Structure formats: structure tokens, C-alpha cells
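Any value given below was found using the heavy atoms of this structure, including those in side chains, with hydrogens, waters and symmetry copies removed. All residue numbers refer to positions in the sequence shown, counting from 1. Not measured: the values here are computed from a predicted model.
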Amino acid sequence: MKFVAKMNEIKKHYTDDENISAASQELAELIVAINKKDRGNIVEETGDVMIMLQRICDVFDISDDELDHVIEYKLNRQLDRIGVSINER
């Protein structure tokens with residue numbers, strides 16, 4: 001990840017519960033931006049959510065490999081649902 005040092009420094013200042021609460025708040029703000037179709041706000045809130053998702057992965061000790069496995073599974077499941085086959089599967 002590009003911002004590891006910055007993320008690690010910020011992580012020192014918040015409890016797990018504070019990170020969980022902040023993630024919920026940022027997700028809610030992204031939902032509002034999406035519903036308003038406000039592209040500028042969507043970009044800003046997406047950045048906030050991506051930061052918070054990394055912090056949530058830290059809180060719950062979720063590895064990149066674990067996420068990659070789940071993402072691969074979910075992408076393949078959706079491709080199956082829509083009847084699309086991609087060679088890299």
C-alpha cells in the first residue's frame with residue numbers, strides 16, 4: 001500500500017472502537033453522496049472509506065491474501081451469475 005507509514009502513524013492515535021465508529025460514519029457519508037449523485041463528494045467520501053477500510057482490516061487482522069481470496073470468489077460468482085467466462089479465472 002502506498003500510504004503505509006502515514007496509516008501506521010494515524011493508527012496509533014485511535015482505539016479499535018473509534019476506528020469502527022469512524023468507518024461506519026464514513027460509509028454512511030458515502031451512501032448519502034451516492035444517493036445524491038454528487039460526483040465530487042463521491043470521490044472525497046470514497047477516499048475516506050478506502051482509508052477506513054484499511055483501518056478496519058488492521059482492527060480485525062484481515063490480510064491482503066484473505067481479502068484477495070474473498071474478492072476472487074465473489075467476482076467469479078458474479079461472472080457465473082451473468083454467464084460470462086474469463087480466461088484468467
Side-chain angles (χ1 to χ4, degrees):
M1 178 178 231
K2 182 177 179 180
F3 306 104
V4 172
K6 292 177 183 179
M7 295 288 291
N8 286 337
E9 191 60 35
I10 291 168
K11 181 170 60 171
K12 296 175 189 177
H13 296 278
Y14 297 98
T15 66
D16 288 353
D17 286 340
E18 288 171 323
N19 281 312
I20 292 166
S21 178
S24 295
Q25 178 182 344
E26 295 299 346
L27 287 162
E29 290 174 7
L30 178 58
I31 290 167
V32 170
I34 291 169
N35 286 334
K36 289 182 178 180
K37 298 180 178 139
D38 180 345
R39 186 186 185 283
N41 201 18
I42 290 169
V43 172
E44 181 177 337
E45 296 305 335
T46 298
D48 289 339
V49 167
M50 292 180 76
I51 290 167
M52 293 313 303
L53 287 175
Q54 185 60 51
R55 286 166 59 182
I56 290 300
C57 287
D58 290 342
V59 167
F60 291 99
D61 195 29
I62 301 169
S63 71
D64 289 345
D65 287 343
E66 188 175 5
L67 273 179
D68 287 348
H69 176 76
V70 171
I71 291 168
E72 181 76 19
Y73 167 78
K74 290 189 174 277
L75 289 171
N76 287 337
R77 183 178 66 185
Q78 187 61 28
L79 287 169
D80 288 343
R81 286 179 180 157
I82 63 175
V84 174
S85 178
I86 295 179
N87 292 335
E88 65 184 52
R89 292 173 73 182

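Transitive grouping of hydrophobic side chains (ILVMFWY, heavy atoms separated by less than 4.5 Å) keeps I51 and L30 in distinct clusters. Under the 4.5 Å side-chain heavy-atom criterion for Ile, Leu, Val, Met, Phe, Trp and Tyr, I20 and L67 are members of the same hydrophobic cluster. Hydrophobic clustering (ILVMFWY, side-chain heavy atoms < 4.5 Å, transitive): L53 and I34 are in one cluster. I42 and M52 fall into different hydrophobic clusters, where Ile, Leu, Val, Met, Phe, Trp and Tyr residues are linked whenever their side-chain heavy atoms come under 4.5 Å apart, directly or through other members.
How far OH of Y14 is from CG of D58: 14.5 Å, rounded to the nearest 0.5 Å. Rounded to the nearest 0.5 angstrom, N76 CG and Q78 CD are separated by 11.0 Å. Between atom CD of residue E26 and atom OG of residue S21 there is a gap of 10.0 Å, rounded to the nearest 0.5 Å. Atoms NZ and CZ, on K11 and R55 in that order, are 10.5 Å from each other to the nearest 0.5 Å. Here the CD-CZ distance, from E66 to F60, works out to 12.0 Å after rounding to the nearest 0.5 Å.
With sequence neighbours left out, K74 forms a side chain to side chain contact (heavy atoms under 4.5 Å, CB included) with V70, R77. Residues satisfying the side chain to side chain donor-acceptor pair (under 3.5 Å) test with K37, not counting sequence neighbours, are none. S63 is linked by a side chain to side chain donor-acceptor pair (under 3.5 Å) to nothing, counting only residues two or more places apart in sequence or in another chain. Residues forming a side chain to side chain donor-acceptor pair (under 3.5 Å) with R39 (at least two apart in sequence, or on another chain): none. For D16, the side chain to side chain contact (heavy atoms under 4.5 Å, CB included) partners two or more places apart in sequence, or in a different chain, are V59. In this structure, D48 has no side chain to side chain donor-acceptor pair (under 3.5 Å) partners at least two apart in sequence or on a different chain.
At least one donor-acceptor pair under 3.5 Å links the side chain of N19 to the backbone N or O of T15.
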ask   = Could you go step by step and tell me if K36 and N41 meet the side chain to side chain contact (heavy atoms under 4.5 Å, CB included) rule?
value = CA-CA 9 Å; K36 289 182 178 180; N41 201 18; 5.9 Å; no

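Here the shortest heavy-atom pairing between E18 and H13 reads OE1-O, 4.1 Å.
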